[in-house]
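A short write-up of the structure that comes next.
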Amino acid sequence: MTWHLPELSPPMSCQSGPTARMRVLVTGGSGLVGRAIQHVVKEEGACKQREEWIFLSSRDADLTNMEATRAVFKKHQPTHVIHLAAMVGGLFKNMKMNLDFWRSNIYINDNVLQAAHEVGVVKVVSCLSTCIFPDKTAYPIDETMIHNGPPHQSNFGYSYAKRMIDVQNRAYFQQHGRCYTAVIPTNVFGPHDNFSIEDGHVLPGLIHKAYNAKKEGKPLVVWGSGTPRRQFIYSLDLARLFLWVLREYPEVDPIILSVGEEDEVSIKEAAEAVVTALDFKNEVLYDTSKADGQFKKTASNAKLRRYLPDFTFTPFHQALKETCDWFVANCDSARK
């Protein structure tokens, strides 16, 4: 059964309009994407005049609690919000804790969007994930297909919670005229990722495993067959695109932020790239007793290319080498 959100009239585009100043509050500001946005704003000089950036971490407020969320929004009085905060994890953590992923993310998202509305935030850009798309679908997937069927069973709790942000954005626009939207990145990686072998995503987990195996003189054991395919986006590229969405993207409808379909790689190819980046010389084995997860979730970036035809993504092998170098230099303090 296919479920479609109602069409709204006029079309779901919004213009937040110029403001005398922009005070941007970033939830999840200490995570992978938050740290990348900090780098782009502060180190690359992307902060514009009359912009103030505030990066929240989980230490600043418990966003699963409505009163704590209201308090931090009232304290900072943002005009714009980038909403990154979420309970996240890799395949195996999702498989074990679908209810926890559902409940925590539903609370966080509802609290953030409602608190933003209450203090008059002009624009919110939330972060979704390609795992929200239907498991059984035509490829490539695009922004119109989010609600066309159930997501993969391995992470349905997280996926449905993230889908609800799109529903809420449409409802805030319909009922209150709010310019709240969302981006859908493919698999993000980069410095400051969670490199946990048990609970992290595939690429940082592979980097950590290969680093350990090299130190110990052991084989690298890759979980699964290595055949699933993924599109990987470097966190710094995603950060640069987030700033464009915040300042210029005019729609309530979400937008996929991804490299092209032609840049999709298999987990085996990703593992080989990690081996090269870390100069790993030992054997590479594949443990096929471990689940593969969704075989592929190939996403179209045609909508992004209509807006930004000339945007240049960092080549995968270069971005991976920079990430591996960062992990080696910061292994003791990296999240793992």
Side-chain angles (χ1 to χ4, degrees), residues 30-40 43-44 88-93 185-240 258-293 295-298 312-336:
S30 62
L32 168 63
V33 181
R35 293 294 290 266
I37 293 174
Q38 283 194 55
H39 177 87
V40 170
E43 304 299 324
E44 296 185 4
V88 297
L91 170 65
F92 298 98
K93 185 175 181 180
T186 46
N187 292 60
V188 190
F189 72 99
H192 303 284
D193 207 339
N194 179 358
F195 292 85
S196 168
I197 292 172
E198 292 289 333
D199 296 333
H201 289 105
V202 57
L203 210 48
L206 282 172
I207 292 169
H208 190 183
K209 274 204 237 184
Y211 175 83
N212 287 350
K214 181 179 179 179
K215 276 180 46 175
E216 297 165 4
K218 295 180 178 179
L220 167 61
V221 180
V222 181
W223 288 350
S225 67
T227 56
R229 304 184 66 79
R230 296 292 182 264
Q231 289 156 292
F232 293 102
I233 181 170
Y234 193 30
S235 58
L236 295 178
D237 290 338
L238 179 59
R240 296 170 191 126
S258 174
V259 299
E261 300 160 51
E262 67 279 3
D263 294 312
E264 189 174 55
V265 298
S266 69
I267 301 304
K268 183 175 187 292
E269 290 167 333
E272 290 168 351
V274 169
V275 163
T276 299
L278 288 174
D279 194 28
F280 180 82
K281 302 296 187 184
N282 299 334
E283 189 177 8
V284 179
L285 307 173
Y286 291 84
D287 181 357
T288 56
S289 70
K290 300 288 189 182
D292 271 337
F295 174 66
K296 69 174 185 175
K297 33 190 180 178
T298 314
T312 301
F313 289 94
T314 307
F316 175 66
H317 287 83
Q318 176 188 331
L320 184 61
K321 182 67 166 69
E322 291 176 10
T323 304
C324 288
D325 289 348
W326 183 90
F327 179 73
V328 171
N330 296 274
C331 181
D332 290 343
S333 58
R335 287 187 297 159
K336 56 185 187 301

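Judged by distance alone, the side chain of Asn187 and the main-chain N or O of Arg230 form no donor-acceptor pair under 3.5 Å. Side chain of Ser266 to backbone of Pro228: no donor-acceptor contact under 3.5 angstrom is found. Not one N or O on the side chain of Glu283 forms a donor-acceptor pair closer than 3.5 Å with the backbone of Pro219. At least one donor-acceptor pair under 3.5 Å links the side chain of Asp292 to the backbone N or O of Ser225. Judged by distance alone, with hydrogens and angles left aside, the side-chain atoms of Asp193 form no donor-acceptor pair with the main-chain N or O of Leu32 at under 3.5 Å. In this structure a side-chain-to-backbone donor-acceptor pair under 3.5 Å is present from Lys209 to Val221.
Shown here for Asp237 and Thr314, the closest heavy-atom pair between the two residues is OD2-N, 2.8 Å. Here the closest heavy-atom approach between residue Ser235 and residue Pro191 is recorded as OG-CD, 4.1 Å. In plain terms, the two heavy atoms of Ser258 and Gln231 that are nearest each other are OG-NE2, 3.4 Å. Nearest heavy atom pair, residue Cys324 against residue Ala277, reads SG-CB, 3.7 Å. The two residues Leu236 and Val40 make their nearest non-hydrogen contact at O-CG2, 4.0 Å. The minimum heavy-atom distance linking Val284 with Val222 is given by the pair CG1-CG2, 4.0 Å.
The cationic atom of Lys321 (NZ for Lys, CZ for Arg) does not lie both less than 6.0 Å from the six-membered ring centre of Trp326 and within 45° of the ring axis.
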Pair Trp223-Ile197, side chain to side chain contact (heavy atoms under 4.5 Å, CB included): steps then yes or no: CA-CA 10 Å; Trp223 288 350; Ile197 292 172; 4.3 Å; yes
Report the C-alpha separation of Val259 and Phe232 in whole Å, then their side-chain angles, then the decisive distance to 0.1 Å, and conclude whether the side chain to side chain contact (heavy atoms under 4.5 Å, CB included) test is met. CA-CA 7 Å; Val259 299; Phe232 293 102; over 6 Å; no
Full working for side chain to side chain contact (heavy atoms under 4.5 Å, CB included) between His208 and Phe327: CA-CA 8 Å; His208 190 183; Phe327 179 73; 3.7 Å; yes
Please assess Leu278 against Val328 for the test side chain to side chain contact (heavy atoms under 4.5 Å, CB included), listing each intermediate value before the final yes or no. CA-CA 9 Å; Leu278 288 174; Val328 171; 3.8 Å; yes
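For Phe313 and Tyr234, the distance between ring centers is not under 6.0 angstrom. No close placement of the His201 and Phe189 rings is indicated, their centers lying 6.0 Å or farther apart.
Judged purely by distance below 3.5 Å, without hydrogens or angles, the side chains of Glu264 and Thr298 pair a donor atom with an acceptor atom. Between Asn194 and Ser196, the side chains place no donor N or O within less than 3.5 Å of an acceptor N or O (distance only, hydrogens not considered).
With contacts defined as side-chain heavy-atom distances shorter than 4.5 Å, the pair Arg229/Lys297 does not qualify. Proximity of Phe280 to Leu220: side-chain heavy atoms (C-beta onward) are separated by under 4.5 Å at one or more points. The shortest side-chain heavy-atom distance between Thr276 and Leu320 does not fall under the 4.5 Å cut-off. Under the 4.5 Å side-chain criterion, counting only non-hydrogen atoms from C-beta, Lys281 is not in contact with Lys214. You'll find the side chain of Phe195 reaches within 4.5 Å of the side chain of Thr323, heavy atoms only.
For the atom pair CD (Glu322) and NE2 (His317), the distance works out to 13.5 Å, reported to the nearest 0.5 Å. For the atom pair CD of Gln38 and CD of Glu44, the computed distance is 13.0 Å after rounding to the nearest 0.5 Å.
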